[in-house]
Q: 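Mind looking over this structure? Questions follow.
Computed from a predicted model, the values in this text were never measured in an experiment.
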Amino acid sequence: QVKLVESGGGLVQAGGSLRLSCVASGRTPNNKAMAWFRQRPGKEREFVSGIEWSSGRTDYVDSVKGRFTVSGDNAKNTVYLEMNSLKPEDTAVYYCACGWRSSQWSGGYPYWGQGTQVTVSS
């Protein structure tokens, strides 16, 4: 069993920054891939960013490239999402996910956190 716990969400003004954290515990895959998805009001869950643990290779959706940075701390089994230049359209519940292979498809991740709310005011 794998448990993922996100933190770091909150309310921020447009142009501001937040850093989300996701701590993984339990029987996490050694060569795992971890990702951030978000679900905006009235929208489907969408891929935001991901990282392959062994290679460090990262991936981003076009709308956040240059603004968001994903990183991982192997010692802490934690993945971070640094979000800068936030926009009102970034408002969403952000979810952490863990799987064996990097993918932009939510079905590729069997383990999910409970989500953390990010609200960006204009």
Side-chain angles (χ1 to χ4, degrees):
Q1 188 70 11
V2 174
K3 183 178 180 181
L4 303 175
V5 179
E6 303 102 331
S7 61
L11 173 64
V12 65
Q13 288 189 330
S17 299
L18 284 174
R19 187 175 82 154
L20 305 183
S21 300
C22 173
V23 180
S25 61
R27 301 182 65 179
T28 56
N30 289 331
N31 295 318
K32 58 184 170 288
M34 296 191 73
W36 291 95
F37 286 75
R38 67 185 179 188
Q39 189 160 16
R40 292 182 276 190
K43 303 290 186 180
E44 293 187 353
R45 193 172 297 189
E46 63 175 348
F47 173 83
V48 176
S49 181
I51 183 169
E52 289 183 349
W53 219 247
S54 57
S55 68
R57 189 182 72 87
T58 58
D59 189 19
Y60 299 91
V61 69
D62 286 347
S63 60
V64 308
K65 285 180 180 177
R67 300 190 298 123
F68 291 10
T69 303
V70 65
S71 62
D73 185 329
N74 194 43
K76 297 181 179 180
N77 224 14
T78 299
V79 64
Y80 304 97
L81 185 66
E82 185 77 34
M83 305 186 296
N84 298 314
S85 302
L86 282 162
K87 304 175 180 180
E89 52 264 43
D90 294 318
T91 295
V93 178
Y94 284 72
Y95 296 91
C96 174
C98 179
W100 286 269
R101 296 186 65 178
S102 180
S103 173
Q104 295 192 0
W105 176 51
S106 61
Y109 298 90
Y111 306 111
W112 291 82
Q114 81 288 350
T116 185
Q117 176 71 47
V118 171
T119 303
V120 184
S121 63
S122 57

Q: Considering all heavy atoms of both residues, which atom of S122 and which atom of A14 are nearest to each other, and what is their separation?
A: CA-CB, 4.3 Å

Q: What is the distance from atom CD of E6 to atom OH of Y95, rounded to the nearest 0.5 Å?
A: 8.5 Å

Q: Nearest 0.5 angstrom please: M83 CE to R19 CZ, how far?
A: 11.5 Å

Q: Using a 4.5 Å cut-off on heavy atoms from C-beta on, say whether the side chain of R45 contacts that of W112.
A: yes

Q: Please round to the nearest 0.5 Å and tell me the distance separating atom CG of L11 and atom CD of Q117.
A: 9.5 Å

Q: Could you pull out the closest heavy-atom pair between S102 and A33, with the gap in Å?
A: N-CB, 3.4 Å

Q: If you take all heavy atoms of D62 and K65, which pair is closest and at what distance?
A: OD1-NZ, 3.0 Å

Q: Nearest 0.5 Å, what's the CE-OH distance between M34 and Y109?
A: 10.0 Å

Q: If you measure from CG on L4 to SG on C96, what distance do you get to the nearest 0.5 Å?
A: 4.5 Å

Q: Examine V2 and W53 and state if one hydrophobic cluster contains both, with Ile, Leu, Val, Met, Phe, Trp and Tyr joined whenever side-chain heavy atoms are less than 4.5 Å apart.
A: yes

Q: V5 and V48: same hydrophobic cluster, using ILVMFWY side-chain contacts below 4.5 Å?
A: no

Q: Check L20, D73, T69 against Y80 for a side-chain contact (heavy atoms from CB on, under 4.5 Å) and give me the one that passes.
A: D73

Q: What are the two closest heavy atoms between G115 and V93, and how far apart are they?
A: CA-CG1, 3.9 Å

Q: So F68 and Y94, would you call those rings parallel, tilted or perpendicular, with 30° and 60° as cut-offs?
A: tilted

Q: Indicate the atoms forming the closest heavy-atom contact of S49 with L81, along with that distance.
A: CB-CD1, 4.0 Å

Q: With sequence neighbours excluded, give me every salt bridge (charged side-chain N to carboxylate O under 4.0 Å, His left out) pair touching residues 79-91.
A: R38-D90, R67-D90

Q: Can you give me the closest heavy-atom contact between P110 and W100, atom names plus distance?
A: CG-CZ3, 3.1 Å

Q: Using 0.5 Å steps for rounding, measure from the OG atom of S25 to the CD atom of Q1.
A: 9.5 Å

Q: Evaluate the side-chain proximity of D59 to F47: yes if any heavy-atom separation is below 4.5 Å, no if none is.
A: yes

Q: My understanding is that only residues two or more places apart in sequence, or in another chain, count here; which of them pass side-chain contact (heavy atoms from CB on, under 4.5 Å) with V12?
A: L18, L86, V120

Q: Is any side-chain heavy atom of N77 closer than 4.5 Å to a side-chain heavy atom of K32?
A: yes

Q: Sequence neighbours left out, what passes side-chain contact (heavy atoms from CB on, under 4.5 Å) with T58? Give chain and number order.
A: I51, Y60, V70

Q: Please answer whether the main-chain N or O of S121 pairs with a side-chain N or O of Q13 as donor and acceptor at a distance below 3.5 Å.
A: no

